[in-house]
Amino acid sequence: MMKNITLFFILFCFSESLISQNIFYVKTANDATAWNGKEPVYTDIQTAINAAATHVADKNAEVWVAKGEYKLSHPLDPQNGVDVIGGFTGNEKNVSERSFAGKGENLTILSGEKKIQVINQKEQLASPTIWKNLVICNGAGSIDGGGVVLNTNMTLSECIIRNNEAAITGGGAYLKGNSCLLNCLVTGNVLLNNNSVKGGGVYCEGTSRIINCSIVKNSTKSNTVYGEGIFATGASFVGNSVVWGNITYYAYSGTVQIYLEDQAQASYCAATNGCESGDNIIELDGSNDGGYMAEGPLFIDPESDWNLQAASPCVDAGNDAFFVSDENLDLNGNHRKDGTIDIGAFEQFNVGINDLTNFTSSIQIYPNPCSDVLHISFDQETSCNIQIINAAGVITFEKTITGNSSSINISDLQKGYYFLLWKTGEKTGNIPLLLK
């Protein structure tokens, strides 16, 4: 018996050591003390990212960045398999203890000081990597992407991209490859060129995606603008997003809020003046409260608080299949969803905590992340329809399961972030799933 206890203790300590070795900590230079007894603590984010990149093995390494403002001298360059997470006070043991950018608490602010881009991904990444819960601001792009340039396998989630500027394309962000903005607020960004410009808030190309974002109050200074909010080209996709109040300083803009080119698509979005094409687009009035011809978005405050009022046309108006996240949280840290998912970065949420517990307790999946065989178990005998949805809303797997457990082979699916949607009787739910 004593040998078993000793062995358990050794294994526990070993597993704790492995976990701590896979997490790297960053604080501002004014507060570079130990993180809940853990050292070293870095003061330079890129140095921590580079160190973490040498520890990526079976799962991604993580860089936890404490609250405060980090004034950058060089753009941050994401590395394969290194997730970066902000919103910490600097003593947390669990990632779930962090605060969320939408609430304005314990903000991790990355500033380009109006001199450089905040994030510029130089290389395509080999596997899915996610940065979340960051405020990306005061960036400057000489041509493209004022705050952010993302490329293949890179996702920004639960972030605020604000007050950045670029010359020609993507005042806030420029998305390439299969990169993704997820659950983000993009506001106060500017395109400066007085000739033809594209995407006052975001420019996206390739197979990049904008999912459940709020693109509001961005601006351009050109007399020819293609997409005051979003310019999408290639096979890029915009879903479940609200695009409102983006303007040009000139009377003639010749555009709509979402401009689609080539094979780009927009679906289940809400936008001022609608969209040139796309499906299930809610046309919004330029006034928050609406006008004679169209509804307004009904934000809490159209100038500074883009949470939704209960009567907003964006509430319960999205498509559940489009939303994919590692935690299924909105910008405030609230679980999505209450009924059908809302349009935008903020969920108008009315379900109590007891309802949340009952909502997800009927099903368990493991392992997650998964690479080949996914095991599914239920709390009782049941008949359940299972769908696995990718970020573009495509059903990549579907099966009806009977009994209280099953195993499915998903090794043929591409690596990336998915959502497992399930329905049994009157119960429905969704579980984030990462394939590696």
Side-chain angles (χ1 to χ4, degrees), residues 25-31 43-46 48-49 62-78 83-90 92 95 97-121 130-141 145-150 154-166 170-175 180-190 201-202 210 212-218 301 303-307 325 327 329-334 344-346:
Y25 305 97
V26 180
K27 291 185 177 182
T28 62
N30 295 330
D31 185 31
T43 58
D44 181 80
I45 297 173
Q46 189 66 57
I49 291 170
E62 294 180 354
V63 174
W64 293 9
V65 188
K67 64 181 180 179
E69 184 175 12
Y70 297 82
K71 298 179 179 180
L72 306 174
S73 57
H74 301 281
L76 296 175
D77 183 17
D83 299 339
V84 176
I85 308 169
F88 297 96
T89 61
E92 291 84 352
V95 69
E97 298 177 64
R98 71 190 190 279
S99 301
F100 286 83
K103 294 183 176 180
E105 302 170 354
N106 299 325
L107 295 178
T108 298
I109 301 171
L110 312 182
S111 174
E113 297 295 284
K114 294 297 183 182
K115 297 176 181 178
I116 58 170
Q117 293 163 323
V118 177
I119 300 172
N120 189 335
Q121 183 181 343
I130 186 167
W131 289 23
K132 56 189 175 182
N133 213 29
L134 305 166
V135 178
I136 297 162
C137 64
N138 300 325
V148 173
V149 176
L150 301 183
M154 182 65 189
T155 295
L156 282 186
S157 178
E158 304 155 23
C159 290
I160 297 174
I161 303 173
R162 70 185 185 198
N163 302 335
N164 303 283
E165 58 187 40
Y174 187 108
L175 309 184
C180 182
L181 283 188
L182 184 65
N183 243 17
C184 291
L185 169 65
V186 182
T187 186
N189 303 285
V190 183
V202 184
I210 301 172
N212 270 102
C213 289
S214 298
I215 317 293
V216 296
K217 307 292 282 188
N218 301 283
D301 183 337
E303 299 300 322
S304 60
D305 185 349
W306 297 285
N307 282 273
S325 172
E327 290 184 329
L329 303 175
D330 76 349
L331 191 58
N332 288 330
N334 293 324
F346 302 93

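Residues: numbered from 1 along the sequence shown.
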Rounded to the nearest 0.5 Å, what separation is found between the [atom1] atom of [X] and the [atom2] atom of [Y]?
X: Asp77; Y: Asn120; atom1: CG; atom2: CG; result: 7.0 Å
X: Asn133; Y: Ser99; atom1: CG; atom2: OG; result: 8.0 Å
X: Asp31; Y: Thr43; atom1: CG; atom2: OG1; result: 11.5 Å
X: Cys184; Y: Ile160; atom1: SG; atom2: CD1; result: 9.0 Å
X: Ile45; Y: Leu110; atom1: CD1; atom2: CG; result: 4.5 Å
X: Ile136; Y: Thr108; atom1: CD1; atom2: OG1; result: 11.0 Å

Heavy-atom closest pair, residues [X] and [Y]:
X: Gln121; Y: Pro78; answer: CA-CD, 3.7 Å
X: Gly344; Y: Ser214; answer: CA-OG, 3.6 Å
X: Cys137; Y: Ile109; answer: SG-CG2, 3.5 Å
X: Gly90; Y: Ala66; answer: CA-CB, 4.1 Å
X: Asp330; Y: Asn332; answer: OD1-N, 2.9 Å
X: Val149; Y: Gln117; answer: CG2-NE2, 3.4 Å

Worksheet item: Should we count NZ of Lys115 as having more than 12 external heavy atoms under 6.0 Å?
Response: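 Count not over threshold, so no.
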Would you say the side chain of [Y] lies within less than 4.5 Å of the side chain of [X], judging by non-hydrogen atoms?
X: Arg162; Y: Leu185; result: no
X: Leu331; Y: Trp306; result: no
X: Asn106; Y: Phe88; result: no
X: Leu156; Y: Trp131; result: yes
X: Leu150; Y: Ile119; result: yes

Fill in: Partners passing side chain to side chain contact (heavy atoms under 4.5 Å, CB included) against Asn164 (at least two apart in sequence or in another chain)
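Scan of Asn164 (side chain to side chain contact (heavy atoms under 4.5 Å, CB included), adjacent residues dropped) gives Val118, Ile161, Asn189.
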Practice prompt. Output yes when a side-chain donor or acceptor of Ser157 lies under 3.5 Å from a complementary backbone atom of Lys132, and no otherwise.
Written response: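 Checking the backbone N and O of Lys132 against the side chain of Ser157, no donor-acceptor pair under 3.5 Å is found.
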Worksheet item: Out of Glu62, Glu158, Glu105, which one pairs with Arg98 under the salt bridge (charged side-chain N to carboxylate O under 4.0 Å, His left out) rule?
Response: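 Exactly one option meets the salt bridge (charged side-chain N to carboxylate O under 4.0 Å, His left out) with Arg98, and it is Glu158.
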Worksheet item: So Tyr25 and Trp64, would you call those rings parallel, tilted or perpendicular, with 30° and 60° as cut-offs?
Response: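 Rings of Tyr25 and Trp64: perpendicular, over 60°.
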Item to complete: Could you name each residue pair satisfying salt bridge (charged side-chain N to carboxylate O under 4.0 Å, His left out) that touches residues 63-74, not counting sequence neighbours?
Response: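 Qualifying pairs: none.
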Discussion item. So, applying side chain to side chain contact (heavy atoms under 4.5 Å, CB included) with Leu181, which one of Thr155, Val148, Asn212, Val186 is it?
Written reply: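 Passing option: Val186.
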Worksheet item: If we ignore angles and hydrogens, is there a donor and acceptor under 3.5 Å between the side chains of Ser304 and Asp301?
Response: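 Side chains of Ser304 and Asp301: pair found under 3.5 Å.
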